[in-house]
Amino acid sequence: MANPLKSLIKDTAVYGLSSVVGRFLNWLLTALYSRILFTGEFGVMTNLYAVIALLLIVLTYGMETSFFRFSSTHERPSLVYSTVLRAIGATSALFLILGLIFLSPITAYLGREGDEGLVAMLLGIVALDAFATIPLGYLRYAQRPWWFMGVRMGFILLTILLTLLAFYGLPWLAEGFPSLFGGWEISGHGLYYIMGINLIGNIVQILMLSPTFKHACDGFDWGLLRRMLSYGWPILLLGLVGSFNNQADKLLFPRLFEDRALGESELGIYSACYKIAVIMILFTQAFRYAYDPFVFARSKEGGESAKSAYAVSMKYYIIFTLFIFLGVMSTLEILQYFVGPDFRGGLAVVPWVMAGQLLFGIYFNLSLWYKLTDRTYWGAILSVVGCILTVLIIVLGTPHYSYMACAWASVVSNGVITLLSYFLAQRYYPIRYELGRIGLYVGLALGLLLAEWLLAEYVTDYVWVTLPFNLLMCLVYLLVVLKLELPSGGLKPLLARFNKR
C-alpha cells in the first residue's frame, strides 16, 4: 500500500508545479500590465476579476466538494460525475443567457456604463469557468495531476502568447502596416483585450477537458442531486462568504471613495503589490487542490492513522509557508522591481498579505473536521464571522489608512476564524497537532525577520550588504528545520520512511 502522506506530497508537488509556473507567468503579466496600464485601469481590472471570483462560487454552489464526498462513498462514481456535470452545465448556460438579457442594468450596477461588451465577456468567462470546475475536479479525483497540469498550463501559455501578441505584436504591425492594422489601437482598450484573451483561453480549456466527458454518460439522478445539494449548500455559503472575505478589499475599496477614479487608482497600487505575495498564495492553492482528495481518501482508514497523517501535513504546511514568507521578505528589495515604478508605494502590504494567506491555509487545513463529521454548517458560520470582521475593518479603516486597512483585515479575520476552528475541531474531531514544534518554527522565522529589520534600520540599508545577510537568515531557518525534522542518518531514513508502505 502506498504511503498516504507521500501521495499528498507528490500531488501537491505536481499541482504546485502547475501553480508555480502558472502564477509565475501571470506574475510576469503583472509586470507587463503595471507598465502598460495606468494605476486606475489596473484597479478596474482587479475589481472585475474580483466580481468573477465571487460569481464563480455562486455558479458552482458547493458541487466541487460534494463531488469528492459522494464519489468516495457512492457505488457508481461515474453517476455522480455525470449528474454534477449536467447540473453545473445547465445552470451556467442559464446564467449566461439571463446575463446577456439584462446586460445593460448589470453594466450600470458595476459602474461600467458604456462598457457592455466588457461585461458580456465577463459573463462568458464566469460561465465557462464554472463549468470547467467539475471536469478539473474529476481529474483530481481520478488522481490525474499531470493531465490537470497540462490543461492549466495550456490555458496560461495561450493567455500569455495572445497577450504578448496584443500588447507588443499589434502596435508593431500597426506601425509597419497602418493600412491593415491601423484600427487595432491598444491605448484606451487594454481591458477589452485582456478580457477577450481570457475568454478565448476559457473556450480552449473546455476543449482540452472534453475527453473527460465520456465518463459523464451514466445518466442523471435527481435524488442524488438533492442529497448533494443538501450537503453542498453550507459549502456554497462557506465559499461565498469565504470568497467575499478574500475579495472584499477589491470589491469594496473603490466604493469607499467619493472620487471613484481615486479609489480605482489606489486599488491598482494595492493589487499590484498584492501580486508580489503570489508565492505564498500559489503554495496554499496547490495544497488545497491536493488536500480535499487526500482527506476523504484517508477518512476510509479512520482511527489514529488518519489523524496522524493530518497532523503531520499541518506541520509541514506551516514549515514550508514560513520558509516562503521569510524568503519573500528577505528578497523584497529585488522583488519590488516586478511592478512598475508607479505601483511601488504599496510594498508595505506584502508581509500582511502573506501572513493572511498563511493563516487561511492553516484554517483550510483545520477545516477537515467539519467536512468529515458532516457539520459543514460550521464552516459557513466561521466564514460569516470572518467576513463580518473583514468588512468592518475595511469600511472603518480605509478612510484613515487607505489600502493598509485591507491588508490588516485579512490577518485579523483569518486569525480569528483559525483560532475558533481549532477549538471546535478539538471538540468534534480532536487531533494532536505538534503545537510545540510549530510554535518553535514560528518564533524562529519571526526572530530571523527581526534580525533582518534591525540590520537595515540601524546598521546599513545597502542592498549589497542586506541581501546576503537576509539570504543567510533563510539558510539558518532551513538548517534548523532539517536538523529537527530529518531522522538520524540524514535523508536516506526519511526517504525509506515514505517508501516503507
Side-chain angles (χ1 to χ4, degrees), residues 30 34 37-51 53-54 109-112 240-278 280-281 325 328-329 332-333 335-336 339-360 363 382-420 446 449-450 453 456-457 461:
T30 298
S34 64
L37 301 178
F38 297 113
T39 55
E41 289 180 304
F42 202 104
V44 172
M45 180 181 70
T46 300
N47 180 257
L48 292 178
Y49 275 105
V51 172
L54 199 63
Y109 176 76
L110 293 176
R112 308 308 319 161
L240 186 60
V241 177
S243 179
F244 184 80
N245 193 13
N246 288 329
Q247 304 296 335
D249 47 359
K250 306 165 188 70
L251 292 167
L252 296 177
F253 190 79
R255 297 178 180 270
L256 298 176
F257 288 78
E258 292 185 9
D259 183 352
R260 187 179 177 93
L262 174 61
E264 290 170 345
S265 179
E266 290 284 280
L267 176 60
I269 295 171
Y270 165 72
S271 55
C273 292
Y274 187 101
K275 294 286 188 181
I276 294 179
V278 70
M280 180 71 75
I281 298 169
F325 188 100
V328 171
M329 293 306 301
L332 189 58
E333 290 176 290
L335 295 178
Q336 66 173 317
V339 299
D342 294 340
F343 295 81
R344 293 172 196 161
L347 290 172
V349 306
V350 174
W352 296 99
V353 170
M354 287 196 298
Q357 286 295 320
L358 191 156
L359 288 168
F360 182 75
Y363 167 71
L382 291 172
S383 290
V384 169
V385 171
C387 186
I388 292 173
L389 286 172
T390 298
V391 171
L392 283 175
I393 295 172
I394 291 174
V395 171
L396 297 177
T398 294
H400 305 286
Y401 304 104
S402 188
Y403 45 69
M404 288 305 302
C406 301
W408 297 333
S410 174
V411 176
V412 174
S413 62
N414 288 333
V416 169
I417 63 175
T418 295
L419 286 174
L420 292 174
L446 292 177
L449 285 171
L450 177 61
W453 178 79
E457 188 72 14
D461 60 356

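These numbers come from the heavy atoms of this one structure, side chains and all, not from hydrogens, waters or symmetry mates. Numbering starts at 1 and runs along the sequence shown.
Partners of L392 according to the side chain to side chain contact (heavy atoms under 4.5 Å, CB included) rule, which considers only residues two or more places apart in sequence or in another chain, are I388.
Counting non-hydrogen atoms of neighbouring residues, nucleotides and ligands closer than 6.0 angstrom, the CH2 atom of W352 reaches no more than 12 such neighbours.
Rounding to the nearest 0.5 angstrom, the gap separating the CZ atom in F38 from the CG atom in D342 is 9.5 Å. Distance check: I276 CD1 to L347 CG gives 5.0 Å after rounding to the nearest 0.5 Å. Annotation: the span from Q247 atom CD to Y49 atom OH amounts to 12.5 Å, rounded to 0.5 Å. In this structure, CG in L251 is found 9.5 Å from CG in L267, a value given to the nearest 0.5 Å. Here T30 contributes atom OG1 and M45 contributes atom CE; the two are 6.5 Å apart, rounded to the nearest 0.5 Å. Of the inter-residue distances, the one linking K250 atom NZ with L48 atom CG reads 13.5 Å to the nearest 0.5 angstrom.
Considering every non-hydrogen atom in both G346 and I269, the closest pair reads N-CG2, 3.7 Å. Here the shortest heavy-atom pairing between F42 and S34 reads CE1-N, 4.0 Å. A pairwise comparison of heavy atoms in L110 and R255 identifies CA-NH2, 4.3 Å as the closest pair. Of all the heavy atoms in I393 and A405, the pair that sits closest is CG2-O, 3.6 Å. Here the closest heavy-atom approach between residue T46 and residue S271 is recorded as OG1-OG, 2.9 Å. Closest non-hydrogen pair, F253 versus C406, comes out as CD1-SG, 3.6 Å.
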*asked:* Working note: M329 + L449, criterion side chain to side chain contact (heavy atoms under 4.5 Å, CB included); need CA distance, chi angles, decisive distance, verdict.
replied: CA-CA 8 Å; M329 293 306 301; L449 285 171; 3.7 Å; yes
*Given the rule in the side chain to side chain contact (heavy atoms under 4.5 Å, CB included) test, do Q336 and V350 qualify, once you have shown the distances and angles that lead to the verdict?*
CA-CA 10 Å; Q336 66 173 317; V350 174; over 6 Å; no
*Test log, rule side chain to side chain contact (heavy atoms under 4.5 Å, CB included), inputs Y363 and L382*: CA-CA 10 Å; Y363 167 71; L382 291 172; 3.7 Å; yes
_Go through it in stages, so that I can follow the logic: the residues are F244 and L252, the test is side chain to side chain contact (heavy atoms under 4.5 Å, CB included), and I'd like the CA-CA distance, side-chain angles, deciding distance and then a yes or no._
CA-CA 10 Å; F244 184 80; L252 296 177; 4.2 Å; yes
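No side-chain donor-acceptor contact under 3.5 Å links T390 to the backbone of S413.
No side-chain heavy atom of L37 sits less than 4.5 Å from a side-chain heavy atom of V44.
For residues 391-405, every residue pair satisfying the side-chain hydrogen bond (donor to acceptor under 3.5 Å, both in side chains) rule, not counting sequence neighbours, is listed here: E266-S402.
A cation-pi arrangement, defined by a distance under 6.0 Å to the six-membered ring centre and an angle within 45 degrees of its axis, is absent between K275 and F343.
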